[in-house]
J.: 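Structure incoming, see below.
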There are 2 protein chains.
Amino acid sequence: MQDNITKLFKAIADPTRRDIFHALVIAASALSITQISNQFEMTRQGVTKHIKTLEEAGLVYIESQGRERFCNANPKELQEVNKWLKFYEKFWDNTLNSLGTYLNSKDT
Amino acid sequence: MQDNITKLFKAIADPTRRDIFHALVIAASALSITQISNQFEMTRQGVTKHIKTLEEAGLVYIESQGRERFCNANPKELQEVNKWLKFYEKFWDNTLNSLGTYLNSKDT
DNA sequence: TAATTTAGCAACCGTATAGTTGCATATTAA
DNA sequence: TTAATATGCAACTATACGGTTGCTAAATTA
């Protein structure tokens, strides 16, 4: 399908999924699909789809218990986003916008 | 349409757009649409669309000069992503996955 | 002035995405 | 054992998205 970092970016690109992920992070414990659905104005099946996307991106993992499936946030996965950002970090202090400017400034 | 942070996340969620953005960041100077297109196996119109998305996300700005439109990277915009990440950062050191765990660990 | 280059716009195509409804199934409670 | 609950799966809809082709217009060069 697509590489991991793309899955990750696509997962957090959807506002509803960011909300669901956030709800899981601030939850006192793992939440079942139904419990999550109750917090959102959306059908349970809609939530299930989002959870699947988050799971495939590595942002959520699931522990089954009887008929229930408890969803946990895995914020560690966001470190991948952080890694990607790292390269561009050097361009947002100073007034550097491109590597050209960056190298030119080192020449002088 | 959609809020800024969503536009930003969606812009970088596409691998081709990340490549174009990267090319602009490491470029020695601003690149015209045609110059960018030559670096990618895609039609100029395809690139134009991606540039527009990047522009609307604030990651690229354009300076027109005669018939040419020179594209510049604006990596500063990625600070917004960094801000979003900040909240979740505290959950990826230690073994905290959720705020529940986080608060429980403070209780003890 | 004629030819070339840079680019925008519009229409179109195929696929992915967000979300729905309906139904089947397994687990738990009465 | 019957009823209720939690969930998955499949089909469907509408819209967004990545990319293309074709055409037009403005700026530059010969």
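Numbered from 1 within each chain, the chains take letters A, B, ... in sequence-line order.
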J.: Look at the aromatic rings of F21(A) and Y88(B) and report parallel, tilted or perpendicular, splitting at 30° and 60°.
T.: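 Ring orientation of F21(A) relative to Y88(B): tilted.
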J.: Output the rounded distance in Å from CZ (F70(A)) to P (dG8(D)).
T.: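 These atoms are roughly 12 Å apart.
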J.: If we ignore hydrogens and angles and just use 3.5 Å, is the side chain of R69(A) paired with the main-chain N or O of S64(A) as donor and acceptor?
T.: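 Judged by distance alone, no pair lies under 3.5 Å.
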J.: What is the distance, to the nearest angstrom, from the CG atom on L54(A) to the P atom on dA18(C)?
T.: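 So the CG-P distance, L54(A) to dA18(C), works out to 10 Å.
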J.: Measure from NZ or CZ of K90(B) to the centre of the six-membered ring of F87(B), then state whether that distance is under 6.0 Å and the direction lies within 45° of the axis.
T.: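 Judged by the rule, K90(B) and F87(B) form a cation-pi pair.
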J.: Scan nucleotides 14-17 of chain C against the protein and return all N/O pairs shorter than 3.5 Å with their distances rounded to 0.1 Å.
T.:
none

J.: Could you work out how much the helix from dT1(C)-dA30(D) to dA30(C)-dT1(D) bends, comparing the axis of its first five pairs with that of its last five, to 10°?
T.: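 That helix gives 20° between its end axes.
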J.: What integer distance in Å separates I20(A):CD1 from dA18(C):C1'?
T.: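 Distance check: I20(A) CD1 to dA18(C) C1' gives 11 Å.
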J.: Using atom CZ of F40(A) as one end and atom P of dG19(C) as the other, report the distance to the nearest whole Å.
T.: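 One finds 11 Å between P of dG19(C) and CZ of F40(A), rounded.
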J.: Given atom CD1 of I36(B) and atom C1' of dT5(C), what is their separation to the nearest angstrom?
T.: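 Nearest whole value for this atom pair: 17 Å.
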J.: Please identify each residue that fulfils side-chain contact (heavy atoms from CB on, under 4.5 Å) with E89(B), with sequence neighbours left out.
T.: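 Scan of E89(B) (side-chain contact (heavy atoms from CB on, under 4.5 Å), adjacent residues dropped) gives N82(A), K86(B), W92(B).
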J.: Any side-chain N or O of T16(B) under 4.0 Å from OP1/OP2 of dG18(D)?
T.: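 No, because none of the side-chain N or O atoms of T16(B) sits under 4.0 Å from OP1 or OP2 of dG18(D).
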J.: Can you see if the side chain of T48(B) gets near the phosphate of dG19(D) - specifically, an N or O under 4.0 Å from OP1 or OP2?
T.: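 Checking dG19(D) against T48(B), no side-chain N or O comes under 4.0 Å of OP1 or OP2.
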J.: Check whether any side-chain heavy atom of H50(A) sits under 4.5 Å from a side-chain heavy atom of F40(A), and report yes or no.
T.: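 Not touching, per the 4.5 Å side-chain cut-off.
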J.: Atom NZ of K52(B) to atom P of dG19(D): distance rounded to whole Å?
T.: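 The distance from NZ of K52(B) to P of dG19(D) comes to 16 Å, rounded to the nearest Å.
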J.: Working to the nearest 0.5 angstrom, can you tell me the gap between L24(B) CG and C71(B) SG?
T.: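 Those atoms lie 6.0 Å apart.
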J.: Taking only residues two or more places apart in sequence or in another chain, which ones pass side-chain contact (heavy atoms from CB on, under 4.5 Å) with S32(B)?
T.: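 Partners of S32(B) under the side-chain contact (heavy atoms from CB on, under 4.5 Å) test: T34(B), Q35(B), E68(B), F70(B).
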J.: Of the candidate nucleotides dA7(C), dG19(D), dA6(D), which contains the atom at the shortest distance from the side chain of H50(B)?
T.: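 The closest nucleotide is dG19(D).
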J.: Rounded to whole Å, how long is the line connecting atom CD of E63(A) with atom P of dT7(D)?
T.: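 Going from E63(A) (CD) to dT7(D) (P), I get 14 Å.
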J.: CD1 of I51(A) versus P of dA6(D): gap in Å, rounded?
T.: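 The answer, rounded to whole Å, is 16 Å.
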J.: What string of B, S and - do you get for nucleotides 20-30 of chain C 5' to 3' if you count protein non-hydrogen atoms under 4.0 Å?
T.: BBB----BS--
J.: Using only heavy-atom distances, determine whether the side chains of E63(B) and N72(B) contain a donor-acceptor pair under 3.5 Å.
T.: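 Yes, N72(B) and E63(B) have a side-chain donor paired with an acceptor closer than 3.5 Å.
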J.: Check side-chain contact (heavy atoms from CB on, under 4.5 Å) between T48(A) and all other residues, then give those that pass, not counting sequence neighbours.
T.: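 In terms of side-chain contact (heavy atoms from CB on, under 4.5 Å), with neighbours along the sequence ignored, T48(A) is linked to I33(A), R44(A).
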J.: Reckon T53(A) touches a base, only the sugar-phosphate, or nothing at all at heavy-atom distances under 4.0 Å?
T.: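 Nothing: the residue T53(A), judged by heavy atoms under 4.0 Å, touches no strand.
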J.: Starting at CD1 of I12(A), measure out to OG1 of T53(A) and round the result to the nearest 0.5 Å.
T.: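 Going from CD1 on I12(A) over to OG1 on T53(A), the span is 13.0 Å.
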J.: Rounded to the nearest 0.5 Å, what separation is found between the OG1 atom of T16(B) and the NZ atom of K49(B)?
T.: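 The distance works out to 13.0 Å.
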J.: For Y61(B), does its backbone N or O pair with a side-chain atom of N74(B) as donor and acceptor, under 3.5 Å?
T.: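 Judged by distance alone, no pair lies under 3.5 Å.
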